[in-house]
Student: 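One structure follows; several queries about it will come next.
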Amino acid sequence: MSSEVLFTIEDLEVSYGSIAALKGVSLQVHKGEIVTILGANGAGKTTTMRTISQLLKAKSGSIRFKGEELTKMPAHKVVKLGISHSPEGRRVFGVLTVEENLLLGAYTQSKVNTKTLRWVYEMFPRLEERRKQLAGTLSGGEQQMLAIGRSLMSDPEMLLLDEPSLGIAPILVKAIFEQIKEISRQGVTVLLVEQNAKAALKLADRGYVLDVGRIALEGTSAELLASDKVQEAYLGKKHE
Amino acid sequence: MDIFLQQLANGLTIGSIFALVALGYTMVYGVMRLINFAHGDMVAASAFVGLTVYTQVMGQATSLFSVIVIFLLTASVMACVGVLLERLAYRPLRDAPRLSAVVSALGASLVIQNGIMLIWGPRMQIFPELVPQVYWDLGGVVISLIQVIILALSLVLMVGLYLFIEKTRMGAAVRASSIDQDAARLMGINVNSVIALIFIIGSSLGAIGGLFIGMYYRGITFNMGWQYGLYAFIAAIIGGIGNIPGAMMGGMLLGLFNAFIAGYISSTWADAFTFILLILILIVRPTGILGERVAEKV
Ligand SMILES: Nc1ncnc2c1ncn2[C@@H]1O[C@H](COP(=O)(O)OP(=O)(O)OP(=O)(O)O)[C@@H](O)[C@H]1O
Ligand SMILES: [Mg+2]
């Protein structure tokens, strides 16, 4: 793995009112890596992603991308800097067409990059077939493809994916994970939040395990896959 | 038949005014899920600002140039007031419970209404005759120049707004923000700018509506915003609040309805019938004629 650090979180604390959701999270992502954040429901994965995108403001700590501090930035500037976020629950614009959704993904570009649009359509041919269809009428899996495609339209350097497998049939999950691999091959750094630990670790170079707002474990995917704790908690295997 | 055509012409005129004002309610609601109760009073204020521009800036000239300056200057002043209103009354409450924003909107309405009274006095003022009184008698139906101007200019503005929203990049940002603000932010859209933009557009259109009210009815009072605001608000609801073509359609429909009630029954009954119409439409289509998703956001 190349060792150029692209993205760093240090001692991040985030609260909802008086409830602390992140209690000092630190992590690093190197250029070109796929890094996954695992954790049970309510561990703080989505909170982490939303704070990176500045939809949520940190209480303390720092988030740096290519040396720039994000925590004081408005959300729309983060996108311009090269971080794109495909959010939990997809959040596609349901009353707009598939293509309108994709074009909105390119909002920060002065001109829509037709090469990227081609690429997205090649990865997800169903989106091209349904380009004039309203996004809200797509199936869950198709909406997930659209959310990912849309987030690629800004030609990001780093892609945040929050549970792309949520509520999707296993066969489609497999297809989507294959395309995440392809996205990575094209040079996009990926930070992937997943509950589907096995699939995520097979794909990722490294991972972090988040447990009620703290990093409980970190390591290469092989290390995490072999760790008793991960096996027990996320892979459903009893350790004897 | 004469009454029908005459009231059709009158209805389209008032309908245009309702539609212009309704757009301000609907656009703000669309993006912020907020009823800007101060909008009607902004419309009233516009008529007074127009009056002052006429007397103080244009030296009571009624040339075409003067009329254009009155319109542009009034719309610009009101656009600034609109942006200021959002900054002071609504932005600080963006994350507060919904009721706080409603109270703030009602407060802003009172402040503007009383502001008009303090500046221009409590008595009715006469709006200048900016357009010569030209009438055409089309076989029993009388149409005035002012009616033609109101209808034509309103249509141009509404078509322009529609194209802006549907065809431009900024319009796409407005649409995205009205569907899902956080998702819009993730696209790199500056939602604060979008909100400022809709206050600029809504207040300018409302200002033109206010000037039309002055030109058409001539008498303007500090509290007239309540009445016109209510009608335009109903128009926005009839069309489907949050929906731009809906507001245009609702305005026209309400204007025509009012004119026909006035023509065939009695103008004293217009208000009562308007509410009956509103209730009937809401029974048949709770989201208004073109409204789709009034589902509350969480
Ligand atoms: N808007 C909110 N208001 C209050 N508390 C919240 C809010 N959003 C999240 N939380 C709390 O913060 C904690 C972390 O939530 P978060 O959504 O980040 O978890 P997650 O790891 O993404 O879980 P999941 O796997 O279920 O998506 C949870 O305890 C949750 O209840
Ligand atoms: Mg989550």
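In what follows, chains are A, B, ... by sequence order, proteins preceding strands, each numbered from 1. This one's a predicted model, so the numbers in the text were calculated from it and none came from an experiment.
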Student: Look at atom CZ of Phe164(B) and say whether more than 12 heavy atoms of other residues, nucleotides or ligands are closer to it than 6.0 Å.
Tutor: yes
Student: Please flag which part of Thr108(A) lies under 4.5 Å from any non-hydrogen atom of chain B: side chain, backbone, both or neither.
Tutor: both
Student: So Val79(A) and Met187(B), side-chain contact (heavy atoms from CB on, under 4.5 Å) or not? Walk me through it.
Tutor: CA-CA 7 Å; Val79(A) 188; Met187(B) 303 299 105; over 6 Å; no
Student: Would you find more than 12 non-hydrogen atoms of other residues, nucleotides or ligands less than 6.0 Å from Trp226(B) atom CH2?
Tutor: no
Student: What residue, out of Arg91(A), His85(A), His76(A), has the most heavy-atom pairs lying under 4.5 Å from chain B?
Tutor: His76(A)
Student: Please report the closest heavy-atom contact between Phe93(A) and Ala184(B), naming both atoms and the distance.
Tutor: CZ-N, 3.8 Å
Student: For Arg94(B), look at atom CZ and say whether over 12 heavy atoms of other residues, nucleotides or ligands are found less than 6.0 Å away.
Tutor: yes
Student: Can you tell me if Lys23(A) has over 12 outside heavy atoms packed within less than 6.0 Å of its NZ?
Tutor: yes
Student: Heavy-atom count check: over 12 atoms from other residues, nucleotides or ligands less than 6.0 Å from Lys57(A) NZ?
Tutor: yes
Student: Treating Arg169(B) as the side-chain partner and Tyr107(A) as the backbone partner, does any N or O pair qualify as donor plus acceptor under 3.5 Å?
Tutor: yes
Student: Within the 4.5 Å heavy-atom criterion, are Asn190(B) and Pro74(A) side-chain neighbours or not?
Tutor: no
Student: Quick one, Leu104(A) with Ile189(B), criterion side-chain contact (heavy atoms from CB on, under 4.5 Å). Give me CA distance, side-chain angles, the key distance, then yes/no.
Tutor: CA-CA 9 Å; Leu104(A) 274 166; Ile189(B) 292 167; 4.0 Å; yes
Student: To the nearest 0.5 Å, what is the distance between CG (Leu186(B)) and OG (Ser84(A))?
Tutor: 8.0 Å
Student: Which bit of Glu100(A) comes within less than 4.5 Å of chain B, counting heavy atoms only: side chain, backbone, both or neither?
Tutor: side chain
Student: What do the steps show when you test Asp182(B) against Arg50(A) for side-chain contact (heavy atoms from CB on, under 4.5 Å), and what is the final call?
Tutor: CA-CA 10 Å; Asp182(B) 273 348; Arg50(A) 289 172 61 83; 3.0 Å; yes
